[in-house]
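Heads up: the structure comes next, in structure tokens.
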Protein chains: 2
Amino acid sequence: MNGADKPSRISHKELFVRKMTRDILSGKLNPGDRLPSERELAAELGIGKTVVHSGYEKLSNMGLVDIKPKSGVFVADYMKTGNIEILNAIVQLSGNELSREVTTGILDLRLAVEGMAFRELCLRRSEEDIAYLKRITGEIRNTADRAGEDELAERFFQWHREICILSGKSILTLFMNTAHDVSIAFWVNYLRMYGITFAIDRLERFIELIEARDGEGAYNLLAKGIDDYLARLENE
Amino acid sequence: MNGADKPSRISHKELFVRKMTRDILSGKLNPGDRLPSERELAAELGIGKTVVHSGYEKLSNMGLVDIKPKSGVFVADYMKTGNIEILNAIVQLSGNELSREVTTGILDLRLAVEGMAFRELCLRRSEEDIAYLKRITGEIRNTADRAGEDELAERFFQWHREICILSGKSILTLFMNTAHDVSIAFWVNYLRMYGITFAIDRLERFIELIEARDGEGAYNLLAKGIDDYLARLENE
DNA sequence: ATAACAGAACTGGTCTGACCAGATTTCATT
DNA sequence: AATGAAATCTGGTCAGACCAGTTCTGTTAT
């Protein structure tokens, strides 16, 4: 019993994927290692081969394992071949705790992606864009008290994603979504560190700069915020 | 020869996913539309319900559809909620042809990601790194004649990914892999446009700059290359 | 002793049909 | 008209059967 009482039952596949992810990411299994065959594993875990196959397929999509058809499944050199979904898996496993390396990496990318979005949006923003951003920012302020930590993090994520959407560069939006889970973990930490009021004030400062079409200003505010966050992380 | 000779038979699931992807991306189906139930579709297409389920699952992973459990499957507002895998799907559907918007978007991101990798690598590169880069570049040159278009594109992709790996910023590598398919499409076009010799010479120029620890130089060469490519694209 | 080669014993890949449980609709009862 | 139980939808899961390559193994011919 229990301990991890999940109201919604966890499927065999989900359990299997988590176990394998943990074993691989923790270093218990090393790149190149051969994994048990689908049949073996199915028998050992008392589940169907189809389930194991589906699980291996998912791990393969993340880049954690390398499936050689009709031959075997091997642990992949995932830091070479994996994709960003691995980050999301890492975050979920470690319960929203981010290592420093992951944090700085993600922030570097965020600066690149969102910085570009800010600059583009400042060039093309309409009055409607400004009104819309003000409206959703107001909504965040109004519901901040009764919103949970995760929900608030989600709202901040959506606010920044909106910048990408409004910028018209749809690639940036797709990228933001790809890094969703890891972003949420970041925002939870951020909001704990700086507090809600400070964070919302910052959103409004961004809106002012966009309204003034000050792309460089918005970029610099973003860059400065990231630097500051990393500096505080160092001093912890 | 050839064109589309696929030796490996295409599975029902693959066919189904492609059809749905095409219908959604082409605008034949619109965000919010309810899709047929798994059973309906299975009967209509003469395949098993599990196959349809698995297909819907894949589409959901890409962010193309929104699965409401026990309720129905709906076309998602994918430009808002989709992730980068959608790009890969777009590329595959259009037979490696890239729209201008996708191309510029991807190149913007590449500049951000690889530019950072070049700068970092110039700071920390060892003699071994240089020797390794020279070796794999030599291999590309030696095999360029007998390699197919796609294989060569893959090798160029791997070369640039190697920059990310050697830079030590593993997040950048993960990002590169996430955009793999779309990058291959880019490199195929690039190699057609500039020719193999020019492209390989350029790799060697990069190595010289890394050896000289000239991070700015490498960044500028990358930026200039991208600008030039986009300019030529305009004039086509 | 060694090389070549059938065939047995693996491997992952695909698909069907059955069953589960939550969501939704229908329709008789109040 | 409002209520609520039951029928009928929905996606979610799973086991087992079959397919087709790959790899190992033991025999045979040199």
Side-chain angles (χ1 to χ4, degrees), chain A residues 4-21 23-24 29 31-78 81 92, chain B residues 5-21 23-24 29 31-76 78 81 92:
Chain A
D5 67 23
K6 290 283 171 184
S8 57
R9 277 208 7 256
I10 299 175
S11 68
H12 290 159
K13 174 182 164 185
E14 183 65 21
L15 277 174
F16 168 63
V17 169
R18 282 198 206 172
K19 171 181 153 42
M20 294 302 299
T21 306
D23 285 353
I24 294 173
L29 297 169
D33 283 0
R34 187 200 188 105
L35 295 173
S37 78
E38 297 182 351
R39 283 171 185 80
E40 267 181 73
L41 222 37
E44 183 185 326
L45 302 176
I47 60 182
K49 183 176 107 58
T50 311
V51 180
V52 177
H53 176 74
S54 168
Y56 271 155
E57 203 170 33
K58 173 142 195 178
L59 292 168
S60 169
N61 282 339
M62 289 197 290
L64 280 177
V65 306
D66 195 8
I67 301 180
K68 302 250 178 76
K70 326 293 175 103
S71 176
V73 181
F74 304 83
V75 177
D77 190 357
Y78 52 87
T81 63
Q92 282 164 14
Chain B
D5 70 26
K6 291 283 173 185
S8 57
R9 277 201 14 248
I10 300 174
S11 69
H12 289 158
K13 175 183 164 185
E14 184 65 22
L15 278 173
F16 168 63
V17 170
R18 284 197 205 172
K19 173 181 151 43
M20 293 305 297
T21 306
D23 286 352
I24 293 173
L29 297 169
D33 284 359
R34 186 198 190 107
L35 294 173
S37 77
E38 296 182 352
R39 281 172 186 79
E40 266 180 74
L41 222 36
E44 184 185 327
L45 302 176
I47 59 182
K49 182 177 108 59
T50 309
V51 179
V52 177
H53 177 73
S54 168
Y56 271 155
E57 203 170 32
K58 173 142 194 178
L59 292 168
S60 169
N61 283 338
M62 290 198 290
L64 280 177
V65 307
D66 196 8
I67 301 181
K68 302 250 177 74
K70 327 290 174 106
S71 178
V73 180
F74 304 83
V75 178
Y78 52 88
T81 63
Q92 282 164 14

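To find a chain, count down the sequence lines: A is the first, B the second, and so on, and within it residues start at 1. For the numbers below, each heavy atom of this structure counts, side chains included, while hydrogens, waters and symmetry mates do not. Just so we're clear, the structure is a prediction, and the values are computed from it rather than from any experiment.
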Checklist line | All salt bridge (charged side-chain N to carboxylate O under 4.0 Å, His left out) counterparts of A:Lys49, not counting sequence neighbours | finding: A:Glu38
Next item on the list: With heavy atoms under 4.0 Å as the rule, sort A:Glu14 into base, sugar-phosphate or nothing.
Entry: nothing
Note to self: Rounded to whole Å, please give me the gap between CG in A:Leu15 and P in D:dG12.
What the structure shows: 17 Å
Notebook entry, point to check: OH/A:Tyr78 to OG1/A:Thr21 distance, rounded to the nearest 0.5 angstrom?
Noted result: 10.5 Å
Pick out the pairs of N or O atoms, protein on one side and nucleotides 16-18 of chain D on the other, that lie under 3.5 Å.
residue: D:dG16; atom: O6; partner: A:Thr50; partner atom: OG1; Å: 2.3

Next item on the list: Starting at atom NZ of A:Lys58, determine the distance to atom P of C:dG12, rounded to an integer number of angstrom.
Entry: 20 Å
Next item on the list: Could you check whether A:His53 gets within reach of a base, just the sugar-phosphate, or nothing at all, counting any heavy atom under 4.0 Å?
Entry: base
Note to self: Let's go through A:Ile67 and A:Tyr56 carefully: what are the C-alpha distance in whole Å and the side-chain angles of both, what is the deciding distance for side chain to side chain contact (heavy atoms under 4.5 Å, CB included) to 0.1 Å, and is it a yes or a no?
What the structure shows: CA-CA 8 Å; A:Ile67 301 180; A:Tyr56 271 155; 4.2 Å; yes
Margin query: Can you measure B:Glu38 atom CD to C:dG17 atom P for me and round it to whole angstrom units?
Written below: 16 Å
Next item on the list: Please state how far atom NZ in B:Lys13 lies from atom P in C:dG13, giving the value in whole angstrom units.
Entry: 11 Å
Check: To the nearest Å, how far apart are A:Tyr56 OH and C:dT14 C1'?
Finding: 18 Å
Item checked: Salt-bridge present (A:Lys13, B:Glu57; N to O < 4.0 Å) -> yes
Checklist line | Intermediate values then yes/no, salt bridge (Lys or Arg N to Asp or Glu O under 4.0 Å), B:Glu44 and B:Lys19 | finding: CA-CA 14 Å; B:Glu44 184 185 327; B:Lys19 173 181 151 43; over 6 Å; no
Checklist line | Interatomic distance where CD belongs to B:Glu40 and C1' belongs to D:dT8 [whole Å] | finding: 14 Å
Notebook entry, point to check: Under 4.0 Å between a side-chain N or O of A:His12 and OP1 or OP2 of D:dT13?
Noted result: no
Check: In Å and rounded to the nearest 0.5 Å, what is the OG to NE2 distance from B:Ser60 to B:His53?
Finding: 9.5 Å
Checklist line | A:Leu29 side chain reached by A:Leu35 side chain, heavy atoms, under 4.5 Å | finding: yes
Item checked: A:Phe16 and A:Val51: CA distance, side-chain angles, deciding distance, side chain to side chain contact (heavy atoms under 4.5 Å, CB included) verdict -> CA-CA 9 Å; A:Phe16 168 63; A:Val51 180; 5.6 Å; no
Item checked: 4.5 Å side-chain heavy-atom contact, A:Val65 and A:Met20 -> no
Notebook entry, point to check: Could you give the CZ-to-C1' distance, from B:Phe74 to D:dG11, as a whole number of Å?
Noted result: 11 Å
Check: How long is the line joining CZ of B:Arg34 and C1' of D:dT10, in whole Å?
Finding: 8 Å
Check: Listed in order of residue number, which residues of residues 64-73 of chain B have a non-hydrogen atom at under 4.0 Å from DNA chain D?
Finding: B:Ile67, B:Lys68, B:Pro69, B:Lys70, B:Ser71, B:Gly72, B:Val73
